[in-house]
Amino acid sequence: MENILKEIANHYAQLDCVFAVVQAGSRTSGQSDELSDYDIYIYSDMEIPVEFRTELAKMYSNDYEIDNRYFETGDEWNLKAEYGASGMDFMFRSINWIQDCIENVYNKHYASNGYTTCFLHNVATSKILYDKNGWFKGLQDKIARGYPKELRNNIIKRNMMLLKDKKNASYLEQIKFAVKRNDPVSVNHRISAFLASYFDVLFAVNELFHPGEKRLIKYAKQHCKTLPQNFEEDLTQLFKVSDEEKIAILDNMVERLRTILP
């Protein structure tokens with residue numbers, strides 16, 4: 001498979017606008033399983049023509065979709081059997097956009113409502129397939145100088161406030177209201193936001209870049225030096241109990257998280 005990835009990267013490397021082609025996602029961060037596809041990121045200073053992308057897809061796939069724009073601009077292929085029949089997910093990014101992400105998060109220490117450092121993790125764990133003049137390696141080197149303490153503190157402050165500490169507007173308070181209203185859709189929506197902030201704090205405490213949405217319990221157990229008491233038990237139980245019982249578990253999760261804050 002590695003030869004196919006390099007071959008595809010070489011096609012993109014022929015375009016002057018392309019600065020880097022990298023493999024990222026679960027297959028380069030040690031979280032892949034039998035369902036994982038291959039995530040390929042193409043960084044350029046202008047949009048790559050759809051016609052070029054379509055012709056390239058036809059070389060390797062009989063089953064493809066070009067120019068999805070639901071999330072990031074992307075193409076999806078299922079490789080022909082002769083190439084291994086694997087799924088391929090291509091994402092196209094502006095070099096200015098990713099440089100701004102790194103500047104705002106790593107250098108200026110801006111925190112988000114969950115997932116603050118996901119793009120940093122994506123860049124840090126990428127495997128380079130093509131790199132014009134070492135541009136992408138330069139990005140990786142910029143974020144390899146350690147976890148900024150100010151960023152860690154900003155993530156903790158912002159997301160702990162959202163979890164419980166923001167008066168009359170925290171996620172926990174919103175979940176309580178949703179339970180009283182018997183509104184399960186709202187309960188689910190706010191719990192998802194709660195967990196996004198919870199894991200953002202957890203990874204910041206451990207000075208780890210956030211790995212994204214998948215297999216977070218497993219990742220945290222493998223990589224976090226410090227975990228809250230009953231970490232896995234609370235999360236497992238959260239999805240088994242009634243909405244009314246969830247409130248106590250969520251409250252305990254916040255307070256146990258608070259005990260490991262620096």
Side-chain angles (χ1 to χ4, degrees), residues 24-25 29 31 41 43 71-72 91 93-126 138-176 188-228 231 234-235 238 250-262:
S29 61
Q31 298 186 82
Y41 293 80
Y43 292 88
F71 303 102
E72 296 185 69
M91 284 147 281
R93 290 177 170 174
S94 159
I95 62 170
N96 290 332
W97 176 83
I98 192 62
Q99 288 171 166
D100 286 345
C101 286
I102 291 173
E103 175 66 17
N104 289 332
V105 177
Y106 193 81
N107 294 333
K108 295 183 178 178
H109 314 130
Y110 295 162
S112 303
N113 299 352
Y115 302 106
T116 298
T117 56
C118 282
F119 289 117
L120 301 184
H121 181 274
N122 179 268
V123 170
T125 59
S126 290
L139 294 185
Q140 291 183 319
D141 289 344
K142 285 181 181 179
I143 61 176
R145 301 192 300 264
Y147 199 107
K149 292 293 190 292
E150 188 174 347
L151 174 60
R152 180 199 67 182
N153 294 340
N154 288 348
I155 291 172
I156 293 170
K157 180 179 178 181
R158 183 184 186 94
N159 286 279
M160 288 301 294
M161 175 190 68
L162 291 169
L163 286 173
K164 182 179 177 181
D165 298 342
K166 184 171 175 56
K167 188 175 181 180
N168 299 323
S170 69
Y171 293 142
L172 187 58
E173 191 77 8
Q174 293 171 29
I175 293 165
K176 290 178 181 178
N188 183 69
H189 183 262
R190 293 293 84 190
I191 287 178
S192 294
F194 177 101
L195 291 174
S197 285
Y198 175 86
F199 277 103
D200 219 22
V201 173
L202 179 63
F203 292 127
V205 168
N206 285 275
E207 298 187 356
L208 295 170
F209 294 150
H210 195 307
E213 297 177 331
K214 299 175 183 176
R215 294 176 285 272
L216 290 181
I217 296 175
K218 178 181 178 181
Y219 186 90
K221 289 173 63 181
Q222 288 177 337
H223 297 279
C224 291
K225 294 181 180 179
T226 305
L227 288 172
F231 166 72
D234 282 341
L235 285 164
L238 179 64
L250 293 168
D251 190 52
N252 285 336
M253 286 173 62
V254 175
E255 295 310 315
R256 288 167 178 159
L257 183 62
R258 204 185 300 279
T259 67
I260 68 168
L261 299 183

**Student:** Please answer whether the main-chain N or O of A169 pairs with a side-chain N or O of Q174 as donor and acceptor at a distance below 3.5 Å.
**Tutor:**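 It does hold such a pair.
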**Student:** Kindly indicate whether the side chain of I98, heavy atoms from C-beta on, has any atom under 4.5 Å from the side chain of Y43.
**Tutor:**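 The answer is yes, as the side chains (C-beta and beyond) meet within the 4.5 Å cut-off.
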**Student:** Are the charged groups of D165 and R258 less than 4.0 angstrom apart, N to O?
**Tutor:** yes
**Student:** Quick one: closest heavy-atom pair of P262 and V205, and the distance?
**Tutor:**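 Between these two residues, the closest heavy atoms are CD-CG2, 4.2 Å.
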**Student:** Would you say L202 and I260 make side-chain contact, with heavy atoms under 4.5 Å?
**Tutor:** yes
**Student:** As an exercise, state the distance from OG1 of T125 to CD of Q140, rounded to the nearest 0.5 Å.
**Tutor:** 8.5 Å
**Student:** Output every pair passing ring pair (Phe, Tyr, Trp, His ring centres under 6.0 Å) with a member in residues 153-176, not counting sequence neighbours, ordered by first then second residue.
**Tutor:**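 Residue pairs with at least one partner in residues 153-176: there are none.
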**Student:** Do you know which two heavy atoms are closest between F194 and I175, and how far apart they sit?
**Tutor:**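 Closest heavy-atom pair between F194 and I175: CB-CD1, 4.3 Å.
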**Student:** Taking atom CG of L120 and atom SG of C101, what is their separation to the nearest 0.5 Å?
**Tutor:**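 With rounding to 0.5 Å, CG (L120) is 8.0 Å from SG (C101).
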**Student:** Is there a donor-acceptor pair under 3.5 Å between the side chain of D200 and the backbone N or O of A196?
**Tutor:**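 The answer is no, because no donor-acceptor pair under 3.5 Å joins these two groups.
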**Student:** Answer yes or no: is there an ion pair linking E207 with K225, defined by an N-O contact shorter than 4.0 Å?
**Tutor:** no
**Student:** Are Y115 and F199, when compared by the centres of their aromatic rings, separated by less than 6.0 Å?
**Tutor:** no
**Student:** Which heavy atom of K221 sits nearest to which heavy atom of L227, and what is that distance?
**Tutor:**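 So the minimum-distance heavy-atom pair works out to CA-CD1, 4.1 Å.
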**Student:** To the nearest 0.5 Å, tell me how far I102 CD1 sits from K108 NZ.
**Tutor:**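 Going from CD1 on I102 over to NZ on K108, the span is 13.5 Å.
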**Student:** Go through E103 and Q99 one step at a time and tell me if the side chain to side chain contact (heavy atoms under 4.5 Å, CB included) criterion holds.
**Tutor:** CA-CA 6 Å; E103 175 66 17; Q99 288 171 166; over 6 Å; no
**Student:** Please say whether more than 12 non-hydrogen atoms of neighbouring residues, nucleotides or ligands are located less than 6.0 Å from NE2 in H109.
**Tutor:**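 Buried by this count: over 12 neighbours within 6.0 Å.
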**Student:** Tell me if the CD atom of E173 is crowded by more than 12 foreign heavy atoms within 6.0 Å.
**Tutor:**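 Yes, because the 6.0 Å sphere around CD of E173 holds more than 12 heavy atoms from other groups.
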**Student:** Would you sort out whether H223 and F203 count as a side chain to side chain contact (heavy atoms under 4.5 Å, CB included), showing the intermediate values?
**Tutor:** CA-CA 9 Å; H223 297 279; F203 292 127; over 6 Å; no
**Student:** Short question: side chain of S112, backbone of G114 - any donor-acceptor pair under 3.5 Å?
**Tutor:**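 No: the side chain of S112 does not pair with the backbone of G114.
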**Student:** Is the ring pair Y106/F209 parallel, tilted or perpendicular, if the boundaries are 30 and 60 degrees?
**Tutor:**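 Y106 and F209: perpendicular rings.
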**Student:** For the residue pair N122 and G25, what are the closest heavy atoms and their distance?
**Tutor:**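 Looks like ND2-N, 4.4 Å.
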**Student:** Which pair of non-hydrogen atoms, one from S126 and one from A24, has the smallest distance, and what is that distance?
**Tutor:**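 For S126 versus A24, the nearest heavy atoms are OG-CB, 3.4 Å.
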**Student:** Taking all non-hydrogen atoms of both residues, which atom of L195 and which atom of L238 are closest, and how far apart?
**Tutor:**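 For L195 and L238, the tightest heavy-atom pair comes out as CD2-CD2, 4.3 Å.
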**Student:** State the CG-OG distance between L162 and S197, to the nearest 0.5 angstrom.
**Tutor:**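 If I round to the nearest 0.5 Å, the distance is 4.5 Å.
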**Student:** Between the side chain of R145 and the main-chain N/O of K142, is any donor-acceptor distance below 3.5 Å?
**Tutor:** yes
**Student:** Taking atom OG1 of T116 and atom CG of N154, what is their separation to the nearest 0.5 Å?
**Tutor:** 9.0 Å
**Student:** What distance do M160 atom CE and S170 atom OG have between them, rounded to the nearest 0.5 Å?
**Tutor:** 11.0 Å
**Student:** For Y198, is there any backbone N or O sitting under 3.5 Å from a side-chain donor or acceptor partner on N159?
**Tutor:** no
**Student:** What do the steps show when you test L235 against L216 for side chain to side chain contact (heavy atoms under 4.5 Å, CB included), and what is the final call?
**Tutor:** CA-CA 11 Å; L235 285 164; L216 290 181; over 6 Å; no
**Student:** Within the distance-only criterion (no hydrogens, no angle test), does the side chain of T117 pair as donor or acceptor with the backbone N or O of H210 below 3.5 angstrom?
**Tutor:**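 Such a contact is found between T117 side chain and H210 backbone.
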